[in-house]
K.L.:
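Okay, handing you the structure first.
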2 protein chains.
Amino acid sequence: MTDPRWLDDAEQRAWRGYVRMQSKLNAQLNRQLQTDSQLSLSDFAVLVHLSEVPDRSLRVSQLAQALHWEKSRVSHHVTRMERRGLVKRVECPTDGRSAFVVMTDCGQNAIDAAAPGHVDTVRRLFIDDLTADQLKALEAIAGQVLARLDDEECRT
Amino acid sequence: MTDPRWLDDAEQRAWRGYVRMQSKLNAQLNRQLQTDSQLSLSDFAVLVHLSEVPDRSLRVSQLAQALHWEKSRVSHHVTRMERRGLVKRVECPTDGRSAFVVMTDCGQNAIDAAAPGHVDTVRRLFIDDLTADQLKALEAIAGQVLARLDDEECRT
DNA sequence: CAGAGGTAGTTGACACATCACCTAAAACGA
DNA sequence: TCGTTTTAGGTGATGTGTCAACTACCTCTG
C-alpha cells in the first residue's frame, strides 16, 4: 500500500454526511415499518418481490437474485417469515433440490397494510425534500457507484 | 391514511438505485475491512473516534453521542471489542455510574493498519468515481435529509 | 438527610447478516 | 452406467443491532 490519499475536506463532508444519512434513514424506516406494521425492511422487500410475480411464488434462488441477497440469507429469512405465517415453502415436484417460497394471504394482507405507510415515510423523510434535479443527481450517482461495485464483484 | 401517493418513475429509479447502492456499498466496505484487517465498520468507527481524542478515552455516553448510536449498542459493541483487546473499560473515579472506554495499543495498531486500505476502498468504490459537483450534490442531499430526520426524531 | 426522580451503563431476548460447511439431487462425461 | 462435478438449498456459529427492563449511583428538594 503506497501512501494513502486521505479524503480532503469536501470529500470528507460528503462521505460522512452520506454515511450518517444512510444509517439514520435505514434505522427510521425500519422503525416505522416495525411499529406500524410489524414488518422489517427485509420482510417488506421479500413480500414486494413475491407480490409482483405470478402465483406469488419464487424459488429461493430467484428470490436471492431479485433481492441481491445471498441464498443463505434468503433461507434464514424465509424460515423466520414462515414461522410468522407470512410465506410458506413448497417443494418443487420436478426438481428435488428446489423449493418455492410462496406468499400466504396473511403475507399479502401484511404488505397491503404496510405499503401506504411505508411509501409515505419514504416520501416524508427523503423524496419530498429533494428537487427533481437532486433526484436525477442521486440516480446518476447510484448508477455509477453500482456499476463500479458490480465490476469489482466480478473481478473477485 | 388517505390515498397514498406512490412513487413516480423518476422517484422510483432514484430510490431503488439509492437503496441498492447503499446496501451493496456497505457490504463491500465491511467485507474489505474484515478480510484485510479483521475489523468491522463499527469497530473502525469506534476506533476512529477514540483515536481523535485526548487519552484515547471517552465515556460510553460521549461515544454514543459522537457515533449517533444508542448507548446499549455502544455497550454491547465495547464488550465485544474488549474481548478482542481493542479497547478496555476503566471505571470513573469521580462518578460511580460512569465508565471510560479506552483504546489499547492493540486498538491503535489495528486502526493504523486498517485505515489506509479502508480509505483506498472508499475512494475506489465511491469517491473517485464522482465529480466535484456530484460530491457537492450528495453533501447537500445528506444535509437536507439529515435535517429532516433529526427534526422527525425530536418530534417523537 | 430521606426519598423521589433522573442519569449512566448493563443485560437478555430476539431479529438480522455472513461465513463456512453440509446434504441431496441433478447433470454430465468417460 | 458409474463416478465426478455442479447446483439448490439448509444449518450452525458468530457478530451485529434494537428494545425493554434493570441496577446502581447521583442530585435535588423538602
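Chain naming here is simple, since letters A, B, ... match the order of the sequence lines and numbering starts at 1 in each. Keep in mind that the numbers below use all heavy atoms, side chains included, and drop hydrogens, waters and symmetry copies.
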K.L.:
Side chain of A/Ser75: nearest nucleotide among C/dA25, D/dG10, D/dG17?
P.N.:
D/dG10
K.L.:
Any idea which heavy atoms bring A/Leu58 and A/Leu50 closest together, and the distance?
P.N.:
N-CD2, 3.8 Å
K.L.:
With respect to the phosphate group of D/dG10, does any side-chain polar atom (N or O) of A/Thr79 fall under 4.0 Å of OP1 or OP2?
P.N.:
no
K.L.:
May I ask you to say whether B/Lys24 pairs ionically with A/Asp150, meaning some side-chain N is under 4.0 Å from a carboxylate O?
P.N.:
yes
K.L.:
Does anything in residues 36-55 of chain A reach DNA chain D, meaning a heavy atom under 4.0 Å, and if so which residues?
P.N.:
none
K.L.:
In whole angstrom, what separates A/Asn30's CG from C/dA15's P?
P.N.:
14 Å
K.L.:
D/dC19 base to B/Ser72 side chain: any donor-acceptor pair below 3.5 Å?
P.N.:
yes
K.L.:
Mapping A/Lys71 and B/Ala99 to their closest nucleotides on DNA chain C, which lands nearer the 5' end?
P.N.:
B/Ala99
K.L.:
Quick one: A/Arg73 CZ to D/dA8 C1', roughly how many Å, whole number?
P.N.:
19 Å
K.L.:
Please tell me which of the listed nucleotides, D/dT6, D/dG17, C/dA17, lies nearest to the side chain of A/Arg97?
P.N.:
D/dT6
K.L.:
Select one nucleotide: of C/dA8, D/dG10, C/dA15, the one nearest the side-chain heavy atoms of A/Arg83.
P.N.:
C/dA15
K.L.:
So A/Tyr18 and B/Tyr18, would you call those rings parallel, tilted or perpendicular, with 30° and 60° as cut-offs?
P.N.:
perpendicular
K.L.:
Does a side chain donor of either B/Asp36 or B/Gln32 reach within less than 3.5 Å of an acceptor in the other side chain?
P.N.:
yes
K.L.:
Would you kindly compare B/Pro93 and B/Gln34 by the position of their nearest DNA chain D nucleotide and give the one closer to the 5′ end?
P.N.:
B/Gln34
K.L.:
In this structure, how many angstroms lie between the P atom of D/dT14 and the CZ atom of B/Arg84, rounded?
P.N.:
14 Å
K.L.:
Between C1' on D/dG9 and CG on A/Asp95, what's the gap in Å once rounded to a whole number?
P.N.:
10 Å
K.L.:
What distance do B/Glu11 atom CD and A/Arg123 atom CZ have between them, rounded to the nearest 0.5 Å?
P.N.:
4.0 Å
K.L.:
How long is the line joining CH2 of A/Trp69 and P of D/dG10, in whole Å?
P.N.:
14 Å
K.L.:
Would you state whether a donor and an acceptor, one from the side chain of B/His76 and one from the base of C/dG12, lie under 3.5 Å apart?
P.N.:
yes
K.L.:
Is a salt bridge present between A/Arg59 and A/Asp95, judged by a nitrogen-to-oxygen distance below 4.0 Å?
P.N.:
no
K.L.:
Determine: side-chain N/O of B/Arg89 to OP1/OP2 of C/dG9, distance under 4.0 Å, yes or no.
P.N.:
no
K.L.:
Kindly say if A/Arg80 contacts the phosphate of C/dA15, meaning a side-chain N or O under 4.0 Å from OP1 or OP2.
P.N.:
no
K.L.:
Kindly point out which of D/dG9, D/dC26, C/dG9 is positioned nearest to the side chain of A/Ser61?
P.N.:
D/dG9
K.L.:
Can you tell me how the ring of B/Trp69 sits relative to the ring of B/His77, calling it parallel under 30°, perpendicular over 60° and tilted otherwise?
P.N.:
perpendicular
K.L.:
Can you check the A/Arg31 CZ to C/dC14 P distance for me, whole Å?
P.N.:
21 Å
